[in-house]
There are 2 protein chains.
Amino acid sequence: MHKYSGETRILVATDCIIFGFDGANIKLLLVQRGLEPEKNKWSLIGGFIKPTESPEDAANRVLELRTGLKNVYMEQFQVFGKPGRDPVERTLSIAYFALIDIHQYEAQLSEEYHPEWFLLDEMPDLIFDHNEMVRLAKRQLRYKAALHPILFQLLPEKFTIPQLQALYEGVYQTKFDDRNFSRKLLSTGLLVKLPEKDKLSSKKGAFYYKLDQSHYEENFEKFLNLVPNPDKFF
Amino acid sequence: MHKYSGETRILVATDCIIFGFDGANIKLLLVQRGLEPEKNKWSLIGGFIKPTESPEDAANRVLELRTGLKNVYMEQFQVFGKPGRDPVERTLSIAYFALIDIHQYEAQLSEEYHPEWFLLDEMPDLIFDHNEMVRLAKRQLRYKAALHPILFQLLPEKFTIPQLQALYEGVYQTKFDDRNFSRKLLSTGLLVKLPEKDKLSSKKGAFYYKLDQSHYEENFEKFLNLVPNPDKFF
DNA sequence: TAAAATAGTTGTCCAAAGTACACTAAATAA
DNA sequence: TTATTTAGTGTACTTTGGACAACTATTTTA
């Protein structure tokens, strides 16, 4: 089974930084660690890679196991591998980040592991180097969202322009000009206007939009500029 | 020593996609694999992680061991971890990409492992999934170089504007307008003009420039736009 | 019925950046 | 001295980005 001789095999885990949006705030999904050391301390959702699965498969399996979540937008983020990062044993972690619409997945959240959503500025201290992972993932989210339309992954299928703007404003912790924002947004051609309105959040009501899926996929790699002066936020 | 029980430890390697520039062409540094299977077939520079070193340390150690190269610009790129990617044994590879000035490091290249530089379009077939790694790294290079001034890492300390332009044209396989290119470039404030000229490549001679190092480091994260319509190249 | 709140459109002004192309400058070679 | 080659600047036009004003529309509440 060990065919390359003289080399050391090490434990490899995946950890997932899960960003969610509930329509008003951006949150992070955490669980309480189930084993010693640091049992019951808060942590990212993670677990070890099995011999027959790819890291992507592992990340998805662990995510479903611990939270019940499936078919979630996820991308490989970064490897954390300093010796000593896990005090128990040398462990390498492949970090992923995921973006989800909190309401859409609310029902699925696992009873067994009771994961909880935390506001970004009300987060508990995390185990190991997970605080650092989160810090870097937040930065990465701002970076990538300034270039590509990934934040749509945080919204329900139908959403309003004010909702989308609130989301961007949450990510960048700033206000954008409504008029310029909606003008830019509509000019991308990414959105399809629906006949219905959302009447909950305002008196007038805001029209729902959905993504033009094929246009979205074709243009995902193209640069977008919904965020003014993005580099000042990193 | 194994403290988390019931989990499988796996081999972890680093592989490095090393881009070099010799003043005219972009090349890739490859070595011939020293062990079975696929012995003597061309491969990226890689090796296994030792128990006490971080992945970054491993990548640097392996790079120095196999090529003699030290203090090279390197960044973490992507993990390749599909089971079966190495037919011998499950191996996970953390891929890095490195950028170097070929002439600067020419003397250091290891005799023992005789690595060789290949033009991108004259590359031999590589072992395992290394062809795919190279394909993705080329794409990543184009992506990142469109946003940040990383290509300077491929040039000697003193370089001319025409050299730099040739480099960009090599990366994007296209021609840029000389006049606009140099004007954009100089307006970044990244360059310091030197009193000497390079008289080798032209009659008039082109002034040497060097990087304003502190300005470079401060602005590394800022977006730059030396490449017109960058997204058409991905 | 009027005031208030939010959604959404349009327009204007200004600055900065992108692009095309003509031109000048410096050195060498014939 | 003149032609040639390559380096680098200038100029004119267009496009885009961003700040902000004005106005309309729709519904609720006082």
Task: Rounded distance (Å) that lies between atom P of dG8(D) and atom NZ of Lys184(B) - done: 18 Å
TODO: Nearest whole angstrom, please: distance from the P of dA7(C) to the CG of Leu164(A).
DONE: 13 Å
Open item on the list: Tell me the closest heavy-atom pair linking Tyr172(A) and Arg142(A), and the distance in Å.
Closed with: OH-O, 2.5 Å
Task: Out of dG8(C), dC21(C), dA22(D), whichever nucleotide has its closest atom nearest the side chain of Arg179(A) - done: dA22(D)
- [ ] Give the nucleotide from the list dA22(D), dT27(D), dA26(C) with an atom nearest to the side chain of Lys197(B).
- [x] dA26(C)
Open item on the list: Of the listed nucleotides (dG8(C), dT27(D), dG8(D)), which one gets closest to any side-chain atom of Lys204(A)?
Closed with: dG8(C)
Open item on the list: Determine whether a donor-acceptor pair (one donor, one acceptor, N or O, separation below 3.5 Å) exists between the side chain of Arg183(A) and the base of dG11(C).
Closed with: yes
- [ ] Using the six-membered ring wherever Trp is involved, compare the ring planes of Trp42(A) and Phe118(A) and label them parallel, tilted or perpendicular (cut-offs 30° and 60°).
- [x] perpendicular
TODO: Nearest whole angstrom, please: distance from the P of dT15(D) to the CG of Asn225(B).
DONE: 17 Å
TODO: Would you indicate what Asp178(A) reaches in the nucleic acid, counting non-hydrogen atoms under 4.0 angstrom: base, sugar-phosphate, or nothing?
DONE: nothing
- [ ] Identify whether any heavy atom of Leu186(A) sits under 4.0 Å from a base atom; if not, whether one sits that close to sugar-phosphate; answer base, sugar-phosphate or nothing.
- [x] sugar-phosphate
Task: Gap between atoms NZ and P, on Lys175(B) and dT19(C) respectively (whole Å) - done: 18 Å
Task: Side-chain N or O of Lys193(B) closer than 4.0 Å to phosphate OP1/OP2 of dG8(D) - done: no
- [ ] Taking only Lys NZ, Arg NE, NH1 and NH2, and the carboxylate oxygens of Asp or Glu, determine whether Lys82(A) and Glu132(A) approach each other closer than 4.0 Å.
- [x] no
TODO: Return the 5'-most residue of the pair Phe207(A), Asn180(A) with respect to DNA chain C, ranking by each residue's nearest nucleotide.
DONE: Phe207(A)
Task: Whole-Å distance separating the CG atom of Leu191(B) from the P atom of dG8(D) - done: 11 Å
- [ ] Taking only the side-chain heavy atoms of Lys203(A) (C-beta and beyond), determine which of dA7(D), dT28(C), dA4(C) contains the nearest atom.
- [x] dA4(C)
- [ ] Give the C-alpha distance, both sets of side-chain angles, the deciding distance and a yes or no for ring pair (Phe, Tyr, Trp, His ring centres under 6.0 Å) between Phe19(B) and Tyr73(B).
- [x] CA-CA 10 Å; Phe19(B) 293 101; Tyr73(B) 175 86; over 10 Å; no
